[in-house]
Amino acid sequence: MSEIPQHIEDLFAQLNPQQRAAACHDSGSLLIIAGAGTGKTTTLSHRVAWLISQGIDPSRILLLTFSRRAANEMVRRVDALLRAMGDSREHAASARSRSIWGGTFHSTAARLLRRYGQSIGLPDDFTIIDRSDAEDLMSSLRSELELGNNVAKFPRKGTLVEIYSRCVNTCLKLEPVLERYYPWCLEHVEALKQLFQAFVDRKEQQNILDYDDLLLFWHALSSDPAGGKLLRGQFEAVLVDEYQDTNVLQSGILKNLCPDGAGLTVVGDDAQSIYSFRAATVRNILDFPEEYPGTTVVTLEENYRSTQPILAATNQIIDEAHERYEKKLWSSKIAGEPPILVDCSDNNEQADFVVTQVLEHLEAGIPLNQQAVLFRASHHSLALEVELARRNIAYHKYGGLKFIETAHVKDLMAYLRLAENPRDAVSGLRVLTLLPGIGQKKAQQLLNLLAESGFRFDAWSEFKPPAATVEHWPLFIRLMKNLSSPQSEKKGISSEVHQVRTFYSPLLDQQYDNGPARQRDLEQLEQVASRFSSRMSFLEEITLDPPSSTQDIANDSSKTDDDFLVLSTIHSSKGLEWDAVYVLQAADGSIPSEMSLESNDEIDEERRLFYVALTRAKNWLYVCFPHRQYFQNRRWNQAHSYAQLTRFISSKTLPLFQRRPAFNAEDLDTPEEAQIETTAEDIRKNIRNMWSS
DNA sequence: GTAAAGTGTGTTTTT
DNA sequence: CACACTTTAC
């Protein structure tokens with residue numbers, strides 16, 4: 001460690017010795033094992049500030065995080081540090097921190113490929129498709145090639161993309177992937193090969209890249225002798241957050257960027273690896289020291305987040321994992337409430353309990369935004385959402401079905417994407433089949449016509465539309481021509497959204513129910529669009545970093561400081577923390593998920609997931625266990641079974657919790673009104689069901 | 001031949 | 001409730 005000037009010394013004095021060692025490490029490869037709540041973000045931002053203070057040009061620093069939000073937060077903190085370091089040029093400080101390359105692997109890939117992709121023969125005007133677009137493409141190729149027709153158990157489109165994606169991200173061939181993860185698909189190997197081949201070809205023809213391609217081409221670019229040199233010349237320091245959730249392709253990219261590890265810093269926690277379904281491998285972080293000999297390993301174990309009673313429980317839970325690397329988190333916050341295991345009769349009572357407890361904390365001065373409800377699967381929060389709506393409590397839900405994935409939003413984006421890239425037949429097919437009277441076949445003919453004309457929408461004027469299409473057809477052509485005219489760009493992207501909306505609104509009302517609500521979504525999208533300078537950047541941002549909740553979109557610009565409760569999947573809660581945390585559905589089958597019981601590896605990952613959920617809590621932790629589980633099945637409407645407590649609260653863990661029922665007996669007869677209301681509803685439901693088939 | 005309406009089945013997590 | 005597949009309508 002080199003000598004530290006006094007004014008910088010002061011800034012780093014607030015770090016603990018391990019954090020400080022990490023932040024001020026020299027340029028050799030560095031692995032920071034950062035347990036939950038150990039000040040990872042602080043350490044990483046100090047490290048970036050340190051590197052800059054050592055004379056590294058910020059534009060030659062690459063900071064890879066798992067979301068753009070995390071990247072922005074990091075840059076903000078670096079900025080603050082640079083100012084505090086007394087950079088004489090105040091403005092210079094923020095300009096410098098802004099020039100840092102920050103973002104996700106995927107968004108960074110897009111940026112780099114637009115700049116340098118041509119050197120490996122990739123056009124710079126590609127458009128990017130998301131997961132469901134990839135599924136649509138896969139599905140239309142499947143029917144085009146007539147694969148899997150009349151064949152039992154041919155994988156569905158979602159599974160097809162999953163298999164394909166896993167092959168790409170693990171860098172494995174099809175057969176081993178099938179054997180390991182999809183053995184029931186082995187009989188279709190040949191069909192799959194043919195299909196995936198066509199999938200690759202088609203994406204090339206259409207000048208589109210999917211999520212996997214972004215990594216794949218970045219990897220290819222970095223492997224190329226010339227391309228690799230270019231990228232290595234671009235970056236002097238590379239820092240990676242959440243390294244436990246990277247995959248083989250991503251670690252390969254890093255290896256190409258920093259072959260001997262010089263300038264490379266990775267941060268993560270093997271106990272929080274929860275993305276193996278996305279081909280992330282915990283081996284990346286575990287084997288890092290062998291991959292880069294001479295690596296300095298720093299372990300952060302002092303937890304600044306949770307109270308000791310909460311840590312005692314979470315430490316015990318992670319201790320029981322099959323494979324793990326020893327570290328023991330400790331906290332100086334000795335005193336505190338024990339975590340509470342709440343017995344609920346069913347998920348309605350669970351919802352009731354959460355709302356009651358949330359309000360109690362609110363009255364005691366804990367704002368809603370310092371409280372969060374976490375769950376394994378998006379639908380686990382349904383009953384709670386109903387209750388929150390009924391009692392007028394504001395909430396934001398993260399994870400699950402995103403705003404951007406709803407059909408009407410996808411429709412609108414497809415018009416814009418087709419205008420941006422007329423070769424994009426996925427979007428073409430989508431917008432054409434929206435027109436009444438046009439289905440798969442006619443749409444395909446029209447797309448062929450478009451291709452033959454050199455992708456000029458004029459070509460469609462020759463088409464004789466069927467009766468149902470007549471009134472829409474000329475308007476549609478005019479819309480597409482307007483959007484693709486050079487003048488359109490000048491008027492701004494939100495004017496384009498407006499034009500699309502004008503054309504599409506009547507179709508929307510016809511196509512879907514709940515029209516007004518959907519129309520409102522599109523109005524919001526128009527608002528959002530006004531913040532973007534070009535159609536390309538709008539499309540790219542929206543596909544690579546979609547707003548994670550519908551409410552975010554509404555509030556983003558106006559920054560309403562309305563207080564709201566956070567509802568989130570555990571996956572989306574990564575890296576965050578709240579004063580009070582409520583975990584729903586701590587029952588076997590939900591946590592761990594029924595779907596992930598095949599192997600010890602899968603169960604271990606579910607355990608880590610539970611661990612991640614619990615370690616989000618600072619002061620209060622409630623784990624809810626609804627005893628009775630209802631079946632959603634239409635046929636067995638009223639059926640239920642009695643669940644088991646999640647296996648992750650073992651006999652050794654249980655004593656670390658305080659166990660109590662959701663409501664005490666005396667509480668139960670107080671809210672009489674509500675009591676009678678629900679009872680009546682139950683009776684009606686039962687009566688109705690007596691006559692339903 | 002093609003589009004649209006109808007029927008039966010299975011539900012995680014996300015860049 | 002969306003998906004794959006089937007039947008009916010144009």
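Predicted model only: the values in this text are computed from it and were never measured. Protein chains get the first letters and strands the later ones, always in sequence-line order, with residue 1 at the start of each. Computed from heavy atoms alone, side chains included, the values below leave out hydrogens, waters and symmetry copies.
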What protein N or O atoms touch nucleotides 3-5 of chain B N or O atoms at under 3.5 angstrom, if any, and at what distances?
from, atom 1, to, atom 2, distance (Å)
B:dA3, OP1, A:G439, N, 2.6
B:dA3, OP1, A:K442, N, 3.4
B:dA3, OP2, A:Q440, N, 3.4
B:dA3, OP2, A:K441, N, 3.3
B:dA4, OP1, A:G437, N, 2.7

- For A:R180, does the CZ atom have more than 12 heavy-atom neighbours from other residues, nucleotides or ligands under 6.0 Å away? no

- Item | A:D133: salt bridge (Lys or Arg N to Asp or Glu O under 4.0 Å) partners, not counting sequence neighbours | A:K410, A:R417

- Got a sec? Which of residues 100-109 of chain A come in under 4.0 Å of DNA chain B, heavy atoms? A:T104, A:H106

- Between atom CD1 in A:I129 and atom P in B:dT14, what is the gap in whole Å? 19 Å

- Item | Phosphate OP1/OP2 of B:dT13: any A:S596 side-chain N/O under 4.0 Å | no

- Note on the structure: Which of A:F66, A:Y398, A:F277 passes ring pair (Phe, Tyr, Trp, His ring centres under 6.0 Å) with A:H571? Answer is A:F277

- Query: Once you round it to whole Å, what is the distance between P of B:dT14 and CG of A:L215?
  - Reply: 18 Å

- Note on the structure: Quick note, A:R376 side chain, CB onward, closest among B:dT14, B:dT2, B:dT12 is B:dT12

- Query: Quick one: side chain to side chain donor-acceptor pair (under 3.5 Å) partners of A:S222, sequence neighbours excluded?
  - Reply: A:N256

- Query: How about A:E385 and A:S381: does a side-chain donor come under 3.5 Å of a side-chain acceptor?
  - Reply: yes

- Message: Output the rounded distance in Å from CG (A:L432) to C1' (B:dT2).
- Response: 15 Å

- Task: Answer yes or no: does a side-chain N or O of A:T569 lie under 4.0 Å from OP1 or OP2 of B:dT12?
- Result: no

- Message: For A:F375, give me all partners under ring pair (Phe, Tyr, Trp, His ring centres under 6.0 Å), at least two apart in sequence or on another chain.
- Response: none

- Task: Name all residues meeting the salt bridge (Lys or Arg N to Asp or Glu O under 4.0 Å) criterion together with A:D604; count only those two or more places apart in sequence or in a different chain, and write none if there are none.
- Result: none

- Query: In this structure, which one of A:D210, A:D212, A:D424 forms a salt bridge (Lys or Arg N to Asp or Glu O under 4.0 Å) with A:K203?
  - Reply: A:D210

- Query: Is a side-chain donor-acceptor pair under 3.5 Å present for A:N247 with A:N169?
  - Reply: yes

- Item | Whole-Å gap separating P (B:dT13) and NE2 (A:H379) | 8 Å

- Task: Treating a pair as Watson-Crick (purine N1 to pyrimidine N3 plus N6-O4 or O6-N4) or G-U wobble (N1-O2 and O6-N3) with both distances under 3.5 Å, list the stems of 3 or more consecutive pairs that involve DNA chain B.
- Result: B:1-10 with C:1-10

- Message: Between the base of B:dT12 and the ring of A:F277 - centre-to-centre under 5.5 Å, planes within under 30° - is that a stack?
- Response: no

- Those residues that, when tested against A:E471, pass salt bridge (Lys or Arg N to Asp or Glu O under 4.0 Å) (two or more places apart): none

- Item | Residues that A:Y181 engages under ring pair (Phe, Tyr, Trp, His ring centres under 6.0 Å), provided they are two or more places apart | none

Provide a list of protein-nucleic acid N or O atom pairs under 3.5 angstrom, restricted to nucleotides 3-10 of chain C.
from, atom 1, to, atom 2, distance (Å)
C:dA4, OP1, A:K157, N, 3.0
C:dC5, OP2, A:R142, NH2, 3.1

- Task: Would you indicate which nucleotide in B:dT15, B:dT14, B:dT12 comes nearest to any side-chain atom of A:M595?
- Result: B:dT12

- Item | Residues in salt bridge (Lys or Arg N to Asp or Glu O under 4.0 Å) contact with A:E577, at least two apart in sequence or another chain | A:R305, A:K618

- Query: A:A377 or A:F66: which one's nearest nucleotide on DNA chain B is closer to the 5' end?
  - Reply: A:A377

- Query: Once you round it to whole Å, what is the distance between P of B:dT15 and CG of A:L544?
  - Reply: 10 Å

- Query: On the ring face of A:W101, is A:R111 found with NZ or CZ under 6.0 Å from the centre and within 45° of the axis?
  - Reply: yes

- Please identify each residue that fulfils ring pair (Phe, Tyr, Trp, His ring centres under 6.0 Å) with A:Y164, with sequence neighbours left out. A:F196, A:F199

- Whole angstrom is fine here: how far is it from OH in A:Y275 over to C1' in B:dT15? 9 Å

